[in-house]
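Data first, discussion second: the structure below is written as structure tokens.
Small disclaimer: the values here were computed from a predicted structure and weren't measured. First listed ligand is number 1; within each ligand, the first listed atom is number 1.
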Amino acid sequence: MHIAVLTGGGDCPGLNAVLRGFVRKATRNGHTVCGIRDGWKGAIAGNVVEIGVEQVRGIVQRGGTILGSAGVSPEVVKNNRDRILAVLAENNVDALVVIGGEGTLGGAQILYETGFKVVGVPKTIDNDLSGTDFTFGFDTAVNVAMEAIDRLHTTAESHHRTLVVEVMGRNTGWIALHAGVAGGANGILIPERPFDLAEVHGWVQSRFATSYAPVIVVAERAVPADPDLLEQYGTHDEFGSRYIPNIGQWLTAVLQEQTGHDARNTVLGHVQRGGTPTAFDRELATRFGLAAVDVIDDGAWGQMVALRSTQIVRVPITDAVGALKTVPLERYDEVSLLFG
Ligand code: F6P
């Protein structure tokens, strides 16, 4: 078969490891491979390049994606469906491997529903895709955030300051939870559990009372429970959900004013998803790439590779694009006794 591969959405450490594993096994199994540059954008533009083992040598440790990526909504894929099918036909593509998150895989499902042969590989640093226990990229993001938290503890203590660290996770608190626990944060705020400002204030004060300094980890979409605060300081996103933009900055100013202790904000941003993947992410991504070839050889179209416990399994792509995998509240509650 001639198989096309694309990487879509936000880049993610481990994408190149998937490509390497996939290309090496696919070519060994008698297939040829081409890459579509810049995700669905390249599929619409007809930006296709041939890929062989030569092109994937030495990239297991490289961050980003050698194919380039772009965030394109399923709506756009739907509106350009015929164009994409024409590009695939012009390039003699028999099957397409789509490596992406919810949005990119949503596009994959649209193409699959036309009868095209599609296979999915889940990707996101946020770890919020249903159907898989973990996505590659998450472990790297957590480790970057944990290292930052470790560093912030010492500067916070030196200056008797509150340090508020804002981490990524578009709609879920997985990165905040894992990095916060691993980094010994004195409070973790996630979107799944709107926070009580008085409680956060209490954690900060109790940390100062023991002569240490508090480090509070806040997920980018964490929100206060008080509807008046959300009303006063918030805005709506494109889906109508209310949130406070730059929540870390907002919380830092509020805590400084309320506690009387100096406070600083660190926003980790894209540093969490740049650079080299951890060993865990390289290994998981490689296994996903290898397993995607088996899905093709078995003709299991419309399926996505996924991790369940330690096994690589297959689930319908629709499992990943239906509902987000959010942090169960009991997972949050089990660590909350560490706060303060
Ligand atoms: O989904 C991955 C992610 O890094 C989120 O954690 C973050 O909210 C978003 O992408 C940022 O997107 P962009 O790179 O388009 O600003």
Which atoms of ligand 1 are found less than 4.0 Å from any heavy atom of [X]?
| X | answer |
| --- | --- |
| G169 | 6 (O) |
| E220 | 5 (C), 6 (O), 7 (C), 8 (O) |
| H270 | 13 (P), 14 (O), 16 (O) |

Atom NZ of K25 with >12 non-hydrogen neighbours under 6.0 angstrom: yes
Close approach, G71 and ligand 1, non-hydrogen under 4.0 angstrom: no
Under 3.5 Å, is there a donor-acceptor pair between the [X] and [Y] side chains?
| X | Y | answer |
| --- | --- | --- |
| T278 | D139 | yes |
| D38 | N47 | no |
| D319 | S130 | no |

For ligand 1, the portion of Q272 having any non-hydrogen atom under 4.0 Å away: neither
For ligand 1, the portion of I175 having any non-hydrogen atom under 4.0 Å away: neither
Proximity of F134 and F288 rings by center, below 6.0 Å: no
Minimum-distance protein heavy atom relative to atom 9 (C) of ligand 1: R170 NH2, 3.6 Å
Heavy-atom nearest neighbour in the protein, as seen from atom 3 (C) of ligand 1, with distance rounded to 0.1 Å: R273 NH1, 3.5 Å
Is_contact(atom 15 (O) of ligand 1), protein non-hydrogen, under 4.0 Å: no
Parallel, tilted or perpendicular, as decided by the 30° and 60° cut-offs, for the rings of H261 and F208: parallel
Per atom 6 (O) of ligand 1, closest listed option by heavy atom (D11, I125, D126, T124): D126
Cation-pi geometry met for R221 and Y243 (6.0 Å, 45°): yes
